[in-house]
Amino acid sequence: MITSRYGPRSVLRRLRLRLLPVPSQALGLAVLVAVLAAALVSGPLMVASAEQGAWQQERDRVGQNGLGSTFGSSTLVGRQVSAQSRIARIGELDDAVVASVADAGLNAPVSRATLNEAIFTASPHGFADVQLFFGTGAQDDVEIVAGAPSETGVLIPQELAQAAGVGPGQNLAVQGEHGDLATLQVSGVYTTPTLPLDPYWEGLGFLFLPTLTPLGELEYPPAAILASKQITLATALAVDEDVLVQWLVPIDDGTDIAGARTAADDFGRLQAAMADPESAVTQLIAAEAFPRPAPESALPTSLETVDRTVGLLSPPVRAVGIGGGAAALVLVGAWAGQRIRRREDELRSLITRGLSPARGAGQAATEALLPGALGLAVGGLVGWLLVRELGPAADLGPETLQRSLVALAAGGVAALAVVAGVTAARLARLDQIGRGPAAQLLGRVPWLAVTAAVTVVTAVPLVTGGSETERGFGVLTLVVPLLATVVVAGVVTAGLPLIGRRADARLRRLPPGAFLAARRVLAGQGAARLVVVTTALSLGLVVYAGALADSTARTIATKASVATGSDVVAPVARGASADGPIPAGAMVVGVENDATLVPGDRRADVLVVHPEQVADVVRWNDALADQPLDELMSALADYDGDRVPVVLAGGTSESALAATDGGLTLDFEYYTLPVDVVAQVDAFPGQGSRDALLVADWDRYLDALEAADRDPDLVLSRMVWARGEPGEVVDALATAGYVDTSTADVETAAEFAARPELNAQTWALSYLRAVALAAGVLGLVGLAMQAMAQQRRRTVAGLLLSRMGMSRGAADRASGLEIGLLAALGALVAAAVALPASALVLHLLDPVPTLPPGPLFATPWPTIAAVVVGVVLVTVLGATLVGRSARRATGGQVMRDAT
Amino acid sequence: MRHDATPAAVCEGLVRIYWSPSGEVHALKGVDAVVPAGRLTAITGPSGSGKSSLLRILAAQDRPTAGRAEVAGAALTGMSAHKLRALRRRHIGYVFARPPQNLLPHLTAREHLAMAGKLRGVARAEVVRETAELFDLLGIADRAEHLPGQLSGGEQQRLAFAQAVVGRPALVVADEPTSELDSATTADLLGAVHELTRTGTTVVMATHDPLAAGAADQIIHLRSGTVAHEEVGGRRLAVIDGDGRVQLPEEALRLFAARRVLIDVTGDGVVLRDPT
């Protein structure tokens with residue numbers, strides 16, 4: 001009598017049979033869904049990471065104070081109200097602004113107040129100018145050498161203490177410009193800050209640092225007396241001096257992009273609140289005619305930069321993420337097809353017993369639930385970790401979680417739908433007797449020719465240059481190389497049997513293992529074709545992404561060296577003689593713009609340099625010219641003609657050059673200069689546009705100007721170019737008297753590198769590279785798995801070969817060689833298509849097309865080396881796995897299963 | 001023993017033509033056959049004689065190109081794929097030649113029957129009852145909790161028959177079920193199948209095995225897509241189709257070199273004579 005078993009174990013077993021009947025198959029699906037999930041989730045995460053990364057760059061570049069909001073007011077205007085009244089009430093305005101800031105939920109502002117004019121104090125050496133300054137927390141940000149900060153006393157600089165002979169506990173008498181007196185109690189003495197200034201004093205250098213006079217002499221500011229708000233305002237009242245007040249509302253140190261956006265909104269609300277007629281600020285302004293505090297902040301501009309970066313980055317990242325997801329879905333579909341192939345007996349039996357495709361699809365979807373969920377969880381986590389570790393910024397923010405979860409859910413549903421759809425289609429086909437008319441029709445379509453035609457059509461916009469909207473990395477630049485790879489791989493594999501037939505006699509002379517491998521590969525059967533195509537696709541994507549990323553990096557580096565002449569470029573201060581000793585790694589250049597190069601009538605700018613200094617200062621890139629820089633500069637310096645020797649950057653009409661033998665004329669409308677082109681380069685540092693740039697020798701150019709009766713100081717704008725960290729370089733140049741720190745309009749190479757176009761391009765291609773690398777690994781792992789599946793199909797043939805005398809070693813060599821040949825063939829096709837394809841599309845990826853030179857191609861040698869290593873690894877790994885699997889199969893079992 | 005008067009399947013003038021790139025293949029050229037209910041019917045014939053095509057039609061996996069095929073009272077001609085599946089699910093059991101084609105390696109014997117009953121829409125209690133009866137009947141009751149890999153070849157095929165029979169289908173179609181069994185195991189299996197037919201199950205079996213054919217109540221012998229003859233109760237019968245055509249045995253055919261006969265209908269029967 002039979003008894004049935006029911007109970008918890010039985011329930012668990014039923015659940016396992018329903019959800020996980022073949023765990024080894026489920027593992028494969030879990031891996032593929034993990035790849036799908038990682039690809040899908042990495043898209044929004046990468047965008048979030050780039051947003052945060054761009055913000056961090058802006059935060060570092062602009063600084064916390066610059067990103068904060070600054071408001072200013074004073075007692076200077078509104079003369080219809082008495083100055084004394086305004087000075088008396090400026091404290092109330094400060095209190096009202098501080099209260100408004102607090103009401104807006106912003107950080108407590110830093111208030112600063114100074115007197116409009118310096119006041120005086122008597123010293124044994126005569127009267128000395130002093131400046132009274134109040135700043136929230138200022139007394140804590142100086143080095144006190146005597147006494148201590150106090151609410152009732154002031155801190156004076158050491159130089160003043162010595163000059164006036166006063167110290168802590170003593171009084172210092174001050175006098176306003178109208179003769180009114182006031183007495184300040186000295187509570188401490190501080191050391192005058194020097195460069196580099198503490199961040200607190202950022203923007204307040206005028207209190208301590210000297211400036212250049214029009215005569216080029218250093219002028220030191222009045223001694224800064226640091227006082228409390230009460231003392232500052234009381235003194236201003238006493239000496240009848242107007243007060244300038246400023247408030248700085250800082251953003252949080254280290255705030256993220258969400259915090260920055262909130263702060264920008266809060267700044268807007270603060271402005272509205274202070275403009276409210278009922279607000280205390282507005283009422284005070286109305287009563288005392290204070291200038292309305294006008295907010296200033298670099299935050300909106302920085303946020304625009306971030307948004308522009310994200311706007312440029314999102315489309316390519318979305319395209320790559322969706323493309324990666326679609327590829328993973330195709331693999332999931334392939335898994336579903338493989339599931340049916342491996343369980344064909346079972347499914348055929350069920351179909352014979354009436355299983356419908358829909359029910360079979362439902363069963364497949366049910367079996368995909370657990371591995372799918374596992375894959376989603378693992379893939380989501382891996383995607384998050386990878387973007388966090390390798391993306392532009394680690395802080396991804398909680399708000400991206402929702403978008404990531406939506407992407408994960410969509411991926412999960414899509415994976416189940418693909419599994420169900422493929423299963424239903426395959427079951428319906430199994431249920432058919434013979435091939436249907438549609439299948440027969442599809443079988444007659446020349447797919448390779450169709451794909452080739454589609455590839456040619458889609459490649460046309462890439463070859464012809466494309467419209468402005470097609471510039472940048474997008475779907476087209478991603479799809480065309482893949483299509484081309486499929487076509488080339490298809491043609492190559494279709495030609496394999498032909499090669500096999502022609503090389504038949506030579507193949508027969510090979511040892512058994514090599515012969516077997518060569519025959520299997522050259523047979524060019526469906527499996528071999530599929531392996532070559534998929535391997536070429538995956539590795540092609542790796543090479544393509546590597547070539548684009550390396551080429552873009554090279555292009556950006558070259559353009560950066562052209563965009564900014566050196567690390568730092570600053571105008572020489574007005575009045576500076578610029579004849580004194582210049583810091584090492586710096587040089588003065590002259591610039592004259594808007595000339596016409598005759599003949600040819602081409603616009604040109606002129607850069608005048610000391611040739612012997614150029615090599616130490618410019619950021620030269622060998623891609624800019626066919627000659628080394630020192631040869632170019634020697635050509636300038638050693639010129640012995642009677643014209644001005646120039647290096648022509650950006651090219652001009654070859655016919656003009658040939659006709660004049662390099663002798664051209666620079667026409668400045670009011671005068672002309674004869675020049676002689678001694679060398680030509682594609683671009684030269686400092687060339688800010690596609691216009692030609694003539695690099696001229698300093699002495700010869702000045703001689704030519706004098707000969708043309710022109711004053712070089714009037715026609716040449718002088719700039720100083722210098723290598724090094726911008727802050728230190730500017731300080732050194734200021735100390736040497738070349739630039740004025742308070743007005744220096746400094747350009748840096750780092751600013752060029754931080755442009756949204758460059759960041760977006762660099763990050764998008766890095767993302768493509770990461771996804772491509774995953775695809776490459778997956779392709780090679782797929783090759784090894786295919787080799788294993790092939791081994792299972794060849795067990796009988798392997799056994800027969802073994803019984804015919806083929807050694808196990810020869811069989812292993814055959815397997816390894818076959819895997820290696822297929823992988824190498826795929827890699828060759830990949831490189832053969834990807835490298836030209838990347839060179840073809842490169843002109844669409846020029847991030848700054850207005851700047852010379854054009855895009856530069858870089859062969860991705862590290863990527864190619866990685867591909868070669870991958871091919872070798874998969875060959876060894878695949879051969880090992882196949883050999884182990886072959887040794888496990890016993891002869892008896894093989895023959896029994898084969899019947 | 002239950003032998004219904006209504007046949008489990010009827011074929012009249014059955015024609016099946018396949019289309020291939022090389023042209024049409026006429027697999028069945030007008031087959032007339034009746035599968036009586038509650039009997040074991042064997043279909044024999046050389047390779048290419050049309051056994052598999054006939055079996056597929058009897059198993060409702062395929063539709064005839066022409067002629068009439070009726071299985072479990074339903075005419076297959078013009079039947080949609082959906083209805084064919086429903087017919088297979090409810091009324092037809094199928095046994096493949098190789099055990100791995102019939103059984104799932106991860107299910108026990110009992111679970112196979114449970115799944116088969118579920119697929120057929122049989123109540124769970126009924127499946128449990130039938131499972132017990134079938135396992136007892138087929139002699140594999142002590143193997144109920146074993147996986148296919150733990151069963152012998154004969155036991156696997158008995159389990160396959162049990163699985164096909166759960167829910168009492170009108171017809172069980174078996175495609176050479178003894179081809180991988182030795183003679184002793186074949187005999188055991190045929191005994192078990194015979195027991196099934198005693199309970200009313202109708203079994204149609206394609207076979208090359210004389211032992212299996214010998215155990216059948218009826219043998220339909222196919223040759224070149226037509227019924228060469230039938231054997232019932234040890235007697236060899238020619239088949240008369242709906243148009244009155246009879247296929248003569250080879251030895252009779254040799255008597256008529258000119259391929260013409262004189263037919264005399266006598267009181268005892270019909271006499272064919274060489275006109276020369």
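- Listed options B:V173, B:I92, B:L107, B:L103 were ranked by heavy-atom pairs under 4.5 angstrom with chain A; first place goes to B:L107.
- For chain A, no part of B:A86 is nearby; none of its heavy atoms comes within less than 4.5 Å.
- The closest side-chain heavy-atom distance from B:H106 to A:P21 is below 4.5 Å.
- Within 6.0 Å of CZ in A:R18 there are 12 or fewer heavy atoms belonging to other residues, nucleotides or ligands.
- For the options B:R85, B:Q163, B:H82, heavy-atom pairs under 4.5 Å to chain A are most numerous at B:R85.
- Heavy atoms of B:S53 lying under 4.5 Å from chain A are absent altogether.
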Exercise for the section: List the steps, then state whether side-chain contact (heavy atoms from CB on, under 4.5 Å) holds for A:L350 with B:M115. Expected result: CA-CA 10 Å; A:L350 289 171; B:M115 191 187 73; 3.7 Å; yes
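- Put simply, of A:T352, A:L347, A:I351, A:L17, the one with the most heavy-atom pairs under 4.5 Å next to chain B is A:T352.
- Residues B:N102 and A:R353 come closest through the heavy atom pair O-NH1, 4.0 Å.
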Practice task
Decide side-chain contact (heavy atoms from CB on, under 4.5 Å) for A:D431 and B:Q61; before the verdict, give the C-alpha distance in whole Å, the side-chain angles of both, and the deciding distance to 0.1 Å.
Solution key: CA-CA 8 Å; A:D431 200 11; B:Q61 293 173 31; 5.9 Å; no
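- Looking only at side-chain heavy atoms (C-beta outward), B:R98 and A:D345 come within less than 4.5 Å of each other.
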Exercise for the section: Check step by step if side-chain contact (heavy atoms from CB on, under 4.5 Å) holds for A:E346 and B:Q101. Expected result: CA-CA 6 Å; A:E346 168 192 343; B:Q101 292 176 303; over 6 Å; no
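- Atom CG of B:L119 and atom OG of A:S356 lie 9.0 Å apart (nearest 0.5 Å).
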